[in-house]
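First up is the structure itself, then whatever we jot down about it.
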Amino acid sequence: MIRSVLRAHTFVHSTLSCAVFLTLSLACAPESRVDAAQVRTLRLPVRSDGPRTLDPAGGVSNYDHRAIVMLYQPLLQYSYLEEPLRLEPLLLESLPQISADGTSLVCTLKEGVRFHDDPCFPEGTGRRLVAADVAYSWKRLADPSVSPVGAELFAHTLVGFDDYRERQSRAVEAGGTFDYDEEIEGLRVLDDRRFEIELTRPVYRFLYVLARFQTAIVPREAVEAYGEGFARHPVGTGPFRMAEEDWVPKQRITFTRNPDYHGERFP
């Protein structure tokens, strides 16, 4: 949990004239459930107007990033205590298994990761993360109505991504809808926890793309349930949740501890 606070530290600026506050409710105890007496609050001032969206695929600014990483997670993260920084697993069980020619990556999701409890799920209980969620989330980056810059992350790199984006864009222009059920050739779901990524060529920077906040994983149920409102109704796997949609642009945004967080904490 403290790791998430470290990621938030860049919100803090030297100016004392900031009027916008980010409130994070933190718990002292390591257990997943805490009582009110154990809750502490951290208030951090942010410069400018704060985040514009809480949808990872739609985020573009540093302010979007700093809020979104409290709620959502990509597959990889940086090991902040090492110099130089290196990548380590976050939603994955281990780093991807890379083929000898550098064009195939097999990834295995970590056990026990669940989405936040939310009414979009049956009985309001967050379900476990599965490989199909990765495929769906990355397809959203091909949708220009969702992501203004996401396509750049996979363009000319992920096999079939450019063709998929072009086909879907033509379909939308012709009056149809963006088809999230059509598969991308280079993104194959092997089972609930494993998926394979095929690259057009060896690309060293690709692993770093998997740590970008735009590639964070979202549940399809939430996107379809809230439509355009999904940008203000986050449902992720991160250590925090938004408190009762308590987001007043240019004034405050409040996050509370996720009691079912999968346990990735400061080492």
Side-chain angles (χ1 to χ4, degrees), residues 1-12 22 24 44 46-80 85-92 95-96 105 107 109-110 113 115-116 129 133-155 157-158 161 187 195 197 203 205-220 222-223 226 230-242 247 249 253 255 258 261-262 264-266:
M1 193 66 64
I2 300 176
R3 177 184 294 276
S4 296
V5 176
L6 285 180
R7 287 177 179 161
H9 83 282
T10 48
F11 268 92
V12 181
L22 170 68
L24 306 179
L44 300 175
V46 293
R47 199 170 180 177
S48 185
D49 295 337
R52 180 187 59 84
T53 179
L54 296 178
D55 180 351
V60 295
S61 72
N62 286 335
Y63 297 104
D64 296 339
H65 166 247
R66 292 164 186 167
I68 287 170
V69 296
M70 301 294 174
L71 307 160
Y72 294 96
Q73 297 175 304
L75 302 180
L76 302 179
Q77 64 182 343
Y78 290 96
S79 180
Y80 292 101
L85 294 178
R86 67 174 180 84
L87 292 171
E88 63 183 16
L90 181 53
L91 291 181
L92 294 183
L95 291 176
L105 297 81
C107 304
L109 293 173
K110 184 185 297 182
V113 179
F115 289 108
H116 301 151
L129 174 73
D133 295 316
V134 177
Y136 172 74
S137 300
W138 291 359
K139 288 175 184 177
R140 296 184 74 231
L141 296 175
D143 188 342
S145 70
V146 172
S147 182
V149 298
E152 299 173 6
L153 300 177
F154 293 125
T157 303
L158 179 62
F161 182 85
L187 183 56
F195 57 95
I197 300 166
V203 180
R205 68 168 180 83
F206 187 78
L207 285 182
Y208 293 88
V209 169
L210 304 188
R212 292 284 297 269
F213 78 96
Q214 290 95 342
T215 65
I217 312 306
V218 306
R220 185 169 186 168
V223 177
Y226 303 117
F230 177 66
R232 295 185 57 86
H233 190 114
V235 182
T237 60
F240 296 98
R241 303 175 59 184
M242 195 164 71
W247 180 13
I253 181 170
F255 297 151
N258 172 17
Y261 186 52
H262 58 86
E264 176 67 28
R265 290 175 168 82
F266 192 80

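Residue numbers count from 1 along this sequence. These numbers come from a predicted model, not from an experiment.
Considering all non-hydrogen atoms of both residues, Pro234 and Tyr72 come closest at CA-OH, 3.0 Å. In terms of heavy-atom proximity, Leu187 sits nearest to Ala135 at CD2-CA, 3.6 Å. Summarising the geometry of Ala57 relative to Val146, their closest heavy-atom pair is CB-CG1, 3.8 Å, with the distance given to 0.1 Å. Nearest heavy atom pair, residue Leu71 against residue Phe240, reads CD2-O, 3.5 Å. Among all heavy-atom pairs drawn from Tyr78 and Glu88, the shortest one is O-OE2, 4.0 Å. The two residues Phe115 and Leu129 make their nearest non-hydrogen contact at CZ-CD1, 3.6 Å.
Between the side chain of Gln77 and the backbone N or O of Pro89 there is at least one donor-acceptor pair closer than 3.5 Å. Proximity of a side-chain donor or acceptor of Asp64 to a complementary backbone N or O of Ser61 within less than 3.5 Å is detected. With hydrogens and angles disregarded, a donor-acceptor distance shorter than 3.5 Å links the side chain of Thr157 to the backbone of Ala155. Judged purely by atom type and a 3.5 angstrom limit, Ser137 uses its side chain to pair as donor or acceptor with the backbone of Asp133.
Considering only heavy atoms from C-beta on, Asn258 comes within 4.5 Å of His116 through its side chain. Side-chain contact between Leu207 and Pro96 is present, with at least one heavy-atom pair separated by less than 4.5 Å. Contact of the Cys107 side chain with the Ile197 side chain is registered, since non-hydrogen atoms from C-beta on lie closer than 4.5 Å. Side chains of Pro56 and Thr215 form no contact here, defined as non-hydrogen atoms less than 4.5 Å apart. Within the 4.5 Å cutoff, the side chain of Val113 has heavy atoms near those of the His262 side chain. The shortest distance between side-chain heavy atoms of Ile253 and Met242 falls below 4.5 Å. Side-chain contact between Leu105 and Phe195: absent, with no pair of heavy atoms (C-beta onward) separated by less than 4.5 Å.
To the nearest 0.5 Å, atoms NE2 (His233) and OH (Tyr226) are separated by 3.5 Å. With rounding to the nearest 0.5 Å, the separation of CD in Gln73 from CZ in Phe213 is 14.5 Å. Arg140 contributes atom CZ, which lies 9.0 Å from atom OG of Ser145 (distance to the nearest 0.5 angstrom).
Residues that satisfy the side-chain contact (heavy atoms from CB on, under 4.5 Å) test with Arg232, not counting sequence neighbours, are Trp247, Pro249. Under the salt bridge (Lys or Arg N to Asp or Glu O under 4.0 Å) criterion, Arg52 pairs with no residue, sequence neighbours left out. For the salt bridge (Lys or Arg N to Asp or Glu O under 4.0 Å) test, no residue two or more places apart in sequence or in another chain qualifies with Arg212.
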Verdict with supporting geometry, Val223 and Val235, side-chain contact (heavy atoms from CB on, under 4.5 Å) = CA-CA 9 Å; Val223 177; Val235 182; over 6 Å; no
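Each of Leu91, Leu90, Val218, Ile217 was evaluated against Thr237; a single residue qualifies, Leu91, per the side-chain contact (heavy atoms from CB on, under 4.5 Å) test. For the side-chain contact (heavy atoms from CB on, under 4.5 Å) with Phe230, the qualifying choice from Thr53, Asp55, Leu54 is Asp55, the only one to do so.
Ring-plane geometry between Trp138 and Phe206 is classed as perpendicular, the angle between the planes exceeding 60 degrees on a 0 to 90 degree scale with a lower cut at 30.
Relative to the six-membered ring of Tyr208, Arg205 misses at least one condition, a distance below 6.0 Å or an angle of at most 45° to the axis.
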